[in-house]
Trainee: 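Encoded as structure tokens, here's the structure I'll be asking about.
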Amino acid sequence: MSTEGGAPPFSSADVRRQDAAPGPLPNPPPQAGEGYVAGSIDADLIARRSRTVRRRRLVIYALRVLFAVFWLGSWELSTRLNWVDPFFVGQPSGVITRLWTWITEGTALGPLWFQAAVTMEEAVLGFLVGSGLGIVFGILLGRIELLAEVLSPFIKAANAIPRVVLGSLFAIMFGLSVWGKASTAVVLVFFVVFFNAFQGVREVDRNLVANARILGADNRRLTTEIIIPSAMSWILASLHISFGLAIVGAVVGELFGATAGLGQLIYNAGHTFDVNGVFAGMFVLAVLALIAEGLISALENRLIKWRPSRVSGEVPI
Amino acid sequence: MAGAAIELRAVTKRFATPNGGIYTALHDLTMEVAPGEFCAVVGPTGCGKSTTLALISGLERPSAGEVAVMGKPVNGIPDGIGYVFQTDAVFPWKSVLENVAAGPRYRGTPGGEARAQAREWISRVGLAGFEDRYPYQLSGGMRKRVGLAQSLINGPRILLMDEPFSALDVQTRTLMENELLTLWSSTSASVVFVTHDLEEAIALADRVFLLTAGPGTVKGTFEVDLPRPRNVAEIRFQPRFAQIYEAIWNQLRDEVLVSYERQKHASAV
Ligand SMILES: Nc1ncnc2c1ncn2[C@@H]1O[C@H](COP(=O)(O)OP(=O)(O)OP(=O)(O)O)[C@@H](O)[C@H]1O
Ligand SMILES: [Mg+2]
């Protein structure tokens, strides 16, 4: 405790222990049962735990930085030494320069933030509509057996076709409007969320359903209080993948017709053999996807606080 | 009997087995429970005790025969049924308080009042202070008690209990058994109490049904003419208790042996 690095200089536990058993060596933490005093020891344990958690987090961040430095460094070095041709694989310093000019002077299509906003609007719309429809239909078909049996071959067929090609269809249907791209995102997102929601409903513990029915739940309550919470872990798991797919949909949609957006920016860079531009565009997309992933994780933690936390780096008390 | 609270007449229940066959869990089972009567059901494992409760609760339908509750044929879940399940059936996404308050809420009690009732029941089953915990933060025995409070809060007229106390330690178990008897005597509920434990069955019940090794049917019915109110901890020392125990055990033993032999053969094949 007091000998450990980073320990608070003073804690109630130290005081109590000093008059209890003075000695040259720090005392081992008292075992539960032998003179266990809840308050003070708990405080000490909690402090120690949060210290361990902090230290662990620091190590992980340091390792991440180290990894990035190694990866980017070896990339930069191998292009500098001309082991590989930077014309084809780009160069981190070139990517950074390109990003910087985009930020300060704008891109060929206009300001960078605008491109990002356009693509995000498409992706977020597609994500919301696609996952909303996926959840509704997944739960509906999961609950109504007949509907599921009738529709299942059609859904499987629809899922089997490569849906990105629908992008060209949507470009014709919606022209250059945001829905041309958002629709592509919708069809990509829908199926993933749908299948998960459906499976989630099917996997509901029958015992819980029986219990709820005995307790007097009607069909509506059964759906809102048992089926949906139970399927929620499945649905949330699918949302993690779905946002990435929504971005894919938006970017592919932009290929079939757009005047702005990160996808468009990347194609432009590609057409002018600007590999660094392609990477810079990808980098911006990746950052946006990471932010979205963080938001979805936050939502998940909020909705599923009834589950033992599965945070990496669980530290025992 | 016209006024029976629960009536199973010549009930057979078959299940489809995974390999396409048919398994008969109950065969030609007939039993009656009077209003306000406390019945226990004992029998070797796999003999169809849980299936019997599922039939009474309307969760399962009989393959043949009739089931009636309060004089009405069971079609869907009858009114006034409480069911404490053998396996864990508390809702993992609800806190203890919400779990216990679920029944009243589903039955139309306003949220605040339902929670007030729930608090009372939570302390009655000895879980005061754990209202805000989620089931994963409770021990198995505590979860069982949540399940108990969850059923009892609805004031059931028919209470089906499937080994409700088997996960509890002996002291808590005795406490809960006594508490159950007190609660039951203040209501007019009929109880069907499934247990492996013959002592528990005799200590609690007015009548013990003994089922045969599967397919289950009633092998014998035993009146428990011990005086009430009973103290579960002490009633075991009465000579009459021992007599009843011996009478039932003599017959139960044979069924347990049959069941055991069968399982040994099944696992040998
Ligand atoms: N849904 C089902 N499908 C197929 N077989 C079933 C089903 N439910 C129960 N059975 C079978 O019916 C028999 C009776 O089951 P039940 O659960 O009623 O036994 P039990 O008397 O409650 O046993 P235990 O004391 O071990 O709880 C068992 O052999 C079981 O395998
Ligand atoms: Mg059982």
Trainee: Would you indicate whether B:Asp79, at its atom CG, is surrounded by more than 12 heavy atoms from other residues, nucleotides or ligands within a distance under 6.0 Å?
Mentor: no
Trainee: Do A:Asn207 and B:Asp88 pass the side-chain contact (heavy atoms from CB on, under 4.5 Å) test, and can you show the C-alpha distance, the side-chain angles, and the key distance before you say yes or no?
Mentor: CA-CA 8 Å; A:Asn207 233 342; B:Asp88 230 358; over 6 Å; no
Trainee: List the atom of A:Trp306, the atom of B:Pro92, and the distance in Å for their closest heavy-atom pair.
Mentor: CB-O, 3.2 Å
Trainee: Quick check: are there more than 12 heavy atoms from other residues, nucleotides or ligands sitting under 6.0 Å from CG of A:Leu63?
Mentor: yes
Trainee: How close do A:Glu225 and B:Tyr106 get, heavy atom to heavy atom, and via which atoms?
Mentor: OE1-OH, 2.9 Å
Trainee: How close do B:Tyr134 and A:Lys305 get, heavy atom to heavy atom, and via which atoms?
Mentor: OH-CE, 3.4 Å
Trainee: For B:Arg115, I'd like to know if atom CZ has over 12 heavy atoms of other residues, nucleotides or ligands within 6.0 Å.
Mentor: no
Trainee: To check you understand the geometry: which heavy-atom pair defines the closest contact between B:Asn154 and A:Leu215, and what is its length?
Mentor: ND2-CD2, 3.4 Å
Trainee: Is B:Gln150 in contact with chain A via its backbone, its side chain, both, or neither, using a 4.5 Å heavy-atom distance?
Mentor: both
Trainee: Counting only non-hydrogen atoms closer than 4.5 Å, does B:Phe85 touch chain A with its backbone (N, CA, C, O), its side chain (CB onward), both, or neither?
Mentor: side chain
Trainee: With a 4.5 angstrom heavy-atom cut-off, is it the side chain or the backbone of A:Arg221 that approaches chain B, or both, or neither?
Mentor: side chain
Trainee: Between A:Asn211 and B:Ala89, which heavy-atom pair has the shortest distance, and what is it?
Mentor: ND2-O, 2.6 Å
Trainee: Would you find more than 12 non-hydrogen atoms of other residues, nucleotides or ligands less than 6.0 Å from A:Arg57 atom CZ?
Mentor: no
Trainee: What residue, out of B:Val84, B:Val90, B:Leu59, has the most heavy-atom pairs lying under 4.5 Å from chain A?
Mentor: B:Leu59
Trainee: Find out whether A:Ile214 and B:Ser151 are in side-chain contact, i.e. whether some heavy atom of one side chain is under 4.5 Å from a heavy atom of the other.
Mentor: no
Trainee: Measuring heavy-atom distances to chain A, does B:Ile81 have an atom under 4.5 Å in its side chain, in its backbone, in both, or in neither?
Mentor: both
Trainee: Which bit of A:Ile304 comes within less than 4.5 Å of chain B, counting heavy atoms only: side chain, backbone, both or neither?
Mentor: neither
Trainee: Check each atom of B:Arg105 against the heavy atoms of chain A and say whether the ones under 4.5 Å are side chain, backbone, both or neither.
Mentor: both
Trainee: Check this for me: A:Phe191, atom CZ, are more than 12 non-hydrogen atoms of other residues, nucleotides or ligands nearer than 6.0 Å?
Mentor: yes
Trainee: Return the OG1 to CZ distance between B:Thr87 and A:Arg206, rounded to the nearest 0.5 Å.
Mentor: 11.5 Å
Trainee: Starting at CZ of B:Phe91, measure out to CG of A:Leu208 and round the result to the nearest 0.5 Å.
Mentor: 6.0 Å
